[in-house]
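Right, one structure below, let's go through it.
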There are 2 protein chains.
Amino acid sequence: MSYRQAMGRPKQFDEDTAIAQAMQVFWTNGYAGSSPAELAEAAGIGKGSLYHAFGSKRELFGRALDAYDRTGAELIEELLSGPGSTKECVRTYMTTLVDTDFDAPVRRGCLAVNTALELGGRDADVALAVRRLTDRGVDLLAARIERGRLEGDVPASMDAGAQARFLVAAMAGLRVMARTYDRDAVLKVVDTTITTVFGA
Amino acid sequence: MSYRQAMGRPKQFDEDTAIAQAMQVFWTNGYAGSSPAELAEAAGIGKGSLYHAFGSKRELFGRALDAYDRTGAELIEELLSGPGSTKECVRTYMTTLVDTDFDAPVRRGCLAVNTALELGGRDADVALAVRRLTDRGVDLLAARIERGRLEGDVPASMDAGAQARFLVAAMAGLRVMARTYDRDAVLKVVDTTITTVFGA
DNA sequence: CTGATATTTGACCTCTGATTCAAGAATATC
DNA sequence: GATATTCTTGAATCAGAGGTCAAATATCAG
């Protein structure tokens with residue numbers, strides 16, 4: 001069946017684009033630090049339209065977090081399925097995240113980490129969303145390590161799940177560290193992490 | 001020389017006590033989330049007195065962060081100078097922090113970590129303060145590991161400084177994780193961390 | 001007691017945040 | 001064209017934030 005134009009005045013902006021813009025604002029300024037006025041301006045629409053389309057700041061944030069989840073998962077998959085050993089892949093993954101952060105004009109870290117800290121304790125729905133997002137990352141990492149284990153890339157004794165959880169937690173820590181230390185300091189810790197987990 | 005009572009009406013509250021109360025509020029609600037009204041009420045004084053004594057919310061926060069620094073350093077020293085092997089000491093240190101967090105009615109993590117994320121990117125002074133505070137922790141941990149190295153507690157090949165930096169970053173990650181995961185999940189990662197660093 | 005100095009207080013002020021809304025604009029159906 | 005429906009917008013609303021201030025209060029020095 002063919003879709004006919006919906007009745008009424010047609011939307012003059014794309015929701016997904018608006019969400020992507022809002023995501024950038026939330027990512028840079030945090031939830032509380034992002035005003036409806038800013039969000040609307042970034043999306044190129046009026047405040048009213050924003051509320052009409054998304055209901056509330058909180059709902060918009062939920063959508064932005066979902067979008068972040070999707071693009072983030074894509075990036076991890078891409079980086080972990082690249083060439084090289086397990087160790088090299090994981091190192092590339094970690095250094096890429098760190099470098100991307102430092103290459104940006106503002107150090108904004110990871111939206112999930114920022115959100116966990118800002119809202120994780122007060123908003124159960126957000127906490128669950130962040131947890132799901134984190135679990136996804138853990139699973140992808142675990143799968144890559146397990147692959148390495150089967151291929152003889154990493155010791156057969158390694159617990160892929162445990163190491164994956166550990167690495168994701170470590171990444172969160174690096175994201176925090178990146179707020180107050182410089183690139184070199186953070187990259188050195190990446191090095192220590194990789195060496196400690198996978199051996200010299 | 002003896003101190004005479006200063007001229008004028010004497011202060012009716014203790015600054016350090018007020019700072020300690022303010023620290024609790026900032027710790028629980030974050031910087032932006034703590035209103036002058038709340039801070040004054042927690043300190044048991046009027047808003048006016050608070051501004052008279054501390055100048056601004058920002059300055060009060062600086063003092064609160066200093067207080068946190070001092071008490072935090074004391075705790076680390078105490079835990080790391082306890083009995084047991086290096087591995088046991090570090091484990092005790094990490095589990096104590098995690099347990100303390102989960103035993104509290106609200107999960108508020110570590111004020112330094114929270115601050116790094118909330119203000120680290122925008123306020124250079126705060127970033128420096130957090131960095132100093134972190135460095136202090138790193139140094140104390142490094143000293144304990146170095147002691148273990150000399151006592152044969154840990155492998156002679158271990159780089160105490162690098163491992164200390166790594167452990168502090170990992171702790172930051174655990175603090176983030178504690179916002180969205182439960183106690184068991186976090187303690188398991190502590191276990192993985194300790195085992196990975198110090199061996200099984 | 002009379003200043004002089006410091007502290008305390010809540011009322012007050014200004015600004016911004018999140019949200020709602022009435023009016024207008026663009027499209028569909030008939 | 002008339003009517004229904006949906007989207008757009010900035011003005012209006014209400015609350016709360018951060019900060020200031022004058023008046024009241026409590027101590028000093030002479």
Side-chain angles (χ1 to χ4, degrees), chain A residues 1-19 21-65 115 118-119 122-123 125-126, chain B residues 1-19 21-23 25-26 28-65 115 118-119 122-123 125-126:
Chain A
M1 53 190 181
S2 69
Y3 284 102
R4 286 187 295 174
Q5 164 97 34
M7 199 186 292
R9 178 173 178 171
K11 262 209 176 67
Q12 311 210 318
F13 67 96
D14 178 50
E15 283 204 3
D16 290 337
T17 307
I19 290 169
Q21 300 301 327
M23 184 185 88
Q24 299 294 330
V25 177
F26 281 129
W27 194 353
T28 304
N29 302 344
Y31 178 75
S34 303
S35 68
E38 258 178 308
L39 292 164
E41 199 197 332
I45 58 180
K47 267 191 294 181
S49 290
L50 192 144
Y51 274 85
H52 181 65
F54 301 107
S56 70
K57 182 179 165 182
R58 176 64 187 71
E59 286 177 76
L60 174 59
F61 183 75
R63 304 267 237 121
L65 199 54
T115 301
E118 188 181 359
L119 303 174
R122 280 167 243 172
D123 188 318
D125 288 345
V126 165
Chain B
M1 53 190 179
S2 69
Y3 283 101
R4 284 187 297 174
Q5 164 98 33
M7 200 186 291
R9 178 173 179 171
K11 262 208 175 66
Q12 312 211 319
F13 67 96
D14 180 48
E15 283 204 4
D16 290 336
T17 307
I19 290 168
Q21 300 301 326
M23 183 186 87
V25 176
F26 282 130
T28 304
N29 304 348
Y31 178 74
S34 303
S35 70
E38 258 178 307
L39 292 164
E41 199 197 333
I45 59 180
K47 261 195 299 181
S49 289
L50 191 145
Y51 274 85
H52 180 66
F54 302 107
S56 70
K57 182 179 166 182
R58 175 64 187 73
E59 286 177 76
L60 175 58
F61 183 74
R63 303 268 237 122
L65 199 54
T115 301
E118 187 181 359
L119 304 173
R122 281 167 242 172
D123 188 319
D125 289 344
V126 165

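Keep in mind that the numbers below use all heavy atoms, side chains included, and drop hydrogens, waters and symmetry copies. Labels below follow one simple rule: chain letters A, B, ... track the order of the sequence lines, proteins then strands, and each chain is numbered from 1.
Atom P of nucleotide D/dT8 and atom CD of A/Glu41 are separated by 17 Å, given to the nearest angstrom. As rounded to whole Å, 5 Å separates atom P of D/dC7 from atom NZ of A/Lys11. In this structure, CG of A/Leu60 is placed 11 Å from P of C/dT19, rounded to the nearest angstrom. Rounded to whole angstrom, the span from the CG atom of A/Asp14 across to the P atom of D/dT8 amounts to 12 Å. Rounded to whole angstrom, the span from the CG atom of A/Leu50 across to the P atom of D/dG10 amounts to 13 Å. Atom CD1 in A/Ile45 sits about 15 Å away from atom C1' in D/dT6, given to the nearest Å.
Residue-level contact check: B/Gly46 touches the backbone only, with heavy atoms under 4.0 Å from sugar-phosphate atoms and none from bases. No engagement by A/Phe54 is indicated, since no non-hydrogen atom pair under 4.0 Å with the nucleic acid exists.
A close approach under 4.0 Å does not occur between any side-chain nitrogen or oxygen of A/His52 and OP1 or OP2 of D/dT8.
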In the 5'-to-3' direction, what one-character label does each nucleotide of nucleotides 15-23 of chain D receive under the scheme B = base within less than 4.0 Å of a protein heavy atom, S = sugar-phosphate only, - = no such atom?
-> --SBBBB--

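For B/Glu41, the CD atom counts as loosely surrounded, since its 6.0 Å shell holds 12 or fewer non-hydrogen atoms of other residues, nucleotides or ligands.
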Can you give each donor-acceptor pair under 3.5 Å made by side-chain atoms of residues 31-38 of chain B, sequence neighbours left out, with the distance rounded to 0.1 Å?
residue : atom : partner : partner atom : Å
B/Tyr31 : OH   : B/Arg58 : N            : 3.3
B/Ser34 : OG   : B/Val25 : O            : 3.4
B/Ser34 : OG   : B/Gly30 : O            : 2.6
B/Ser35 : OG   : B/Glu38 : N            : 3.2
B/Glu38 : OE1  : B/Ser35 : N            : 3.2
B/Glu38 : OE2  : B/Asn29 : ND2          : 2.9

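Applying the side-chain hydrogen bond (donor to acceptor under 3.5 Å, both in side chains) rule to B/Asp14 yields the partners B/Thr17; only residues at least two apart in sequence or on another chain are considered. Legend: residues meeting salt bridge (charged side-chain N to carboxylate O under 4.0 Å, His left out) with B/Glu15, ordered by chain and number and at least two apart, are B/Lys11, B/Arg63. Under the rule for a side-chain hydrogen bond (donor to acceptor under 3.5 Å, both in side chains), B/Gln21 has no partner lying at least two apart in sequence or in another chain.
Residue A/Leu65 holds its CG atom at 11.5 Å from CD1 of A/Ile19, rounded to the nearest 0.5 Å.
For C/dT8, its base never sits under 3.5 Å from the side chain of B/Arg9 at any donor and acceptor pair.
Annotation: side chain to side chain donor-acceptor pair (under 3.5 Å) contacts involving residues 42-53 of chain B, sequence neighbours excluded, are absent.
Comparing C/dA26, C/dA28, C/dT5 by their closest approach to the side chain of A/Met7 singles out C/dA28.
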